[in-house]
Number of protein chains: 2
Amino acid sequence: MIIDLTDPDGDAHERIRTAAVLLFARQGYAATSIRDLGRAVHMTNAGIYHHVASKEALLADLMRVAQQGLNDATERMLATAGAPADRLALLIGSLTAVHARNPLTTRVMDGELRSLTPGSAAHDEIIALRDVYEAHWRRTLADGVAGGTFRVADQKLTRLALMSMCTGTSEWYRPDGDSTLEQVCAEFVTIGLAAVRAPAQVTTSPDYSLLPDFPWEPPDAHNDPRPDEARR
Amino acid sequence: MIIDLTDPDGDAHERIRTAAVLLFARQGYAATSIRDLGRAVHMTNAGIYHHVASKEALLADLMRVAQQGLNDATERMLATAGAPADRLALLIGSLTAVHARNPLTTRVMDGELRSLTPGSAAHDEIIALRDVYEAHWRRTLADGVAGGTFRVADQKLTRLALMSMCTGTSEWYRPDGDSTLEQVCAEFVTIGLAAVRAPAQVTTSPDYSLLPDFPWEPPDAHNDPRPDEARR
DNA sequence: AGGAGGCGACCGAACGTTCGGTAGGAACTA
DNA sequence: TAGTTCCTACCGAACGTTCGGTCGCCTCCT
C-alpha cells in the first residue's frame, strides 16, 4: 500500500494526495505551492491541474475524506460499546491512536481548517463532519454526567481538554519511544477517566484494526523532520 | 496598556507587533502579507519596513521575546519551589495559565516555529530558548523519578503529553466558560500528578502575578474568531 | 480516431523588499 | 528671529519573483 510519489505508473490522484499531506503537514498549506507539489510527484504545475480542480479543493478533499474516515471508524467502534465510561475510553483511545498512527494527516486535519475559505461549501461541510464527530463526545459526556457516572465541573471544557490531549499526540508520538501505542492509549484512557472522576476500569484495549488507515499517510511519517525537537 | 492599532501617536513598533500577533495567530504567518499588517496599523507596506528589518525578523522578534518572557517567569516561580511534585504543579499551572491568558501569542509561539528559516540564527536562538524551558520539565520529571515520588513508564512521553495538554489550552479556553482559570489550572495539576502516579496534593495555587503579560496580546483576544467552533 | 495525461508558455495578481522623495519638527547657527 | 541642517517617520512607485490558474499542443494508449 506504500505509494511511490515519483512513479509515473501509479495513480496520479493518489500520488498528489500523498505529496499534499506530506507538504501541507511539513510547511503548512499557505507555504506550499502547486509547483512544490508538482516537484514532489515529478510533474509541472500545469500537470497537477489535470487531476485537481484547485489547490483549495485538494485540501478540502483531503480533509473531508480523513474526517469521514475518522467518523466512520468511530461509529463502528461505538456500536458495540455500552456504558458511558466504556464509550469515553473508546473515544479517547481511538482518537489518540489515529493521531499517533497518522501524524501528517491529522496535523493537516486539525490545523488547516482556517485555510479553507470561510463560508465556502467545502468549509461548511468539514465543519459539519467535525460536528458529527464531536457530538459523540458531547453525548457520551452528557450521558455519563446524567447517569451519575461522571462528575465534571464544565462539560465543554472537559471535552476540549481531553480532545486536545489526544490530538496533541500527532505532534510528539514516535513509535520508537519507550512506550507502545497501546500503552499510550491506555495511559490516556486512565487520565481521561480520572478527569471525569469515573472509577478506573480494566480497559479492553480497542480493536485497532477498525481504525481508519489513510492510504496516503507515508509509512515513514514519524521520521519526517519536524521544526521542533529537531536535534533530540 | 491596551494598544490602539490605528493611533498614529502610539509607539509604531508596538502597534506593528500587536497587529502581527493578531494576524499571525488568525491566518498564520505564511498567509499574512506585509500589506495586511500595514492595513491593520494604517500604514503602507513601505512604512512597515521603516520599523522592521524583514517579515521573518518580525516573527523571530515576537517569538524570542515571548519565549524569553515565559522562561523568566518560570524561573522566578520555580525559585521558591522545593519538591518535584511542587515543581511539576507549578510548571503545569503556569504553562496552562500563560496559554489561557495569551492565546494569540502562544499560538504563534507554538505553531510558527517552522516558519523560521531552518538553520538561521533566529531559528537556532528560539530553539535554544525553548530547550532551556523544556529542561525545567525534564529535570523535574527526572528528579521525581529518581527520588521515587514519580512513577512513569516513559519520561519523554509523559513530558510531551503533559505539555501538549497545557499548550492546547490556547485553542479552546474562554474566560466566559463555566470554569475559572484557577479551576482549569488546578484540574490540570491534578491530572498531571495522576499521570506521574504522585499523590494528589493540596495545591497552593500559583502566583499569577508572576506570569508574563505580553503587552501586545489584545484584551479581547478570546473573542477573536477561530476557524473551528465558530458557531458554538 | 480519440480521449487521457502531461508539457511549455503564459496570464494577472500578489508577494517581500527597495528606493527616492517629502512633511514636520528639533537643533543649531547667524 | 530667520535660515540652515539634520533626523524620524512615512509614502508612492517600482523592483524582481512567485503565486494560483489557464490554454494550446503534443504524445501516448486503446
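Treat the numbers as computed from the prediction; the structure is a model and nothing was measured. Throughout, a chain's letter reflects where its sequence line sits, starting with A, and its residues are numbered from 1.
- Using a 4.0 Å cut-off between a side-chain N of Lys or Arg and a carboxylate O of Asp or Glu, A:Asp224 and A:Arg26 qualify as a salt bridge.
- Side chain of B:Arg35, nearest nucleotide from C:dC7, C:dG16, D:dC10: C:dG16.
- Considering only side-chain N and O atoms, A:His50 lies nowhere under 4.0 angstrom from the phosphate OP1 or OP2 of C:dG6.
- The listed nucleotides are D:dT22, D:dG21, C:dG6; the one nearest the side chain of A:Ala46 is D:dT22.
- In this entry the distance linking NZ of B:Lys55 with P of C:dC15 reads 9 Å, nearest Å.
- For A:Met43, whose side chain is taken as the heavy atoms from C-beta onward, the closest listed nucleotide among C:dG6, C:dA9, C:dT17 is C:dG6.
- Nucleotide D:dC19 holds its C1' atom 13 Å from the CG atom of A:Leu37, rounded to whole Å.
- Separating the OH atom of B:Tyr49 from the C1' atom of D:dA13 is a distance of 16 Å, rounded to the nearest angstrom.
- Between the side chain of B:Asn45 and the base of C:dG16, no donor-acceptor pair under 3.5 Å is found.
- Remark: P of D:dC19 and CD1 of A:Ile48 are 13 Å apart, rounded to the nearest angstrom.
- Under 3.5 Å, the side chains of B:Thr117 and B:Glu56 contain a donor-acceptor pair of N or O atoms.
- A donor atom on one side chain and an acceptor atom on the other are found under 3.5 Å apart for A:Gln67 and A:Asn71.
- A salt bridge is defined here as a Lys NZ or Arg NE, NH1 or NH2 lying under 4.0 Å from an Asp or Glu carboxylate O, and A:Arg101 with A:Glu217 fails to meet this definition.
- Distance from the side chain of B:Ile34 is smallest for C:dG16 among the nucleotides C:dG16, D:dG20, D:dA13.
- Distances shorter than 4.0 Å separate some side-chain N or O of A:His51 from OP1 or OP2 on C:dG6.
- Dashed line: the shortest gap from a side-chain N or O of A:Thr44 to OP1 or OP2 of C:dG8 is not under 4.0 Å.
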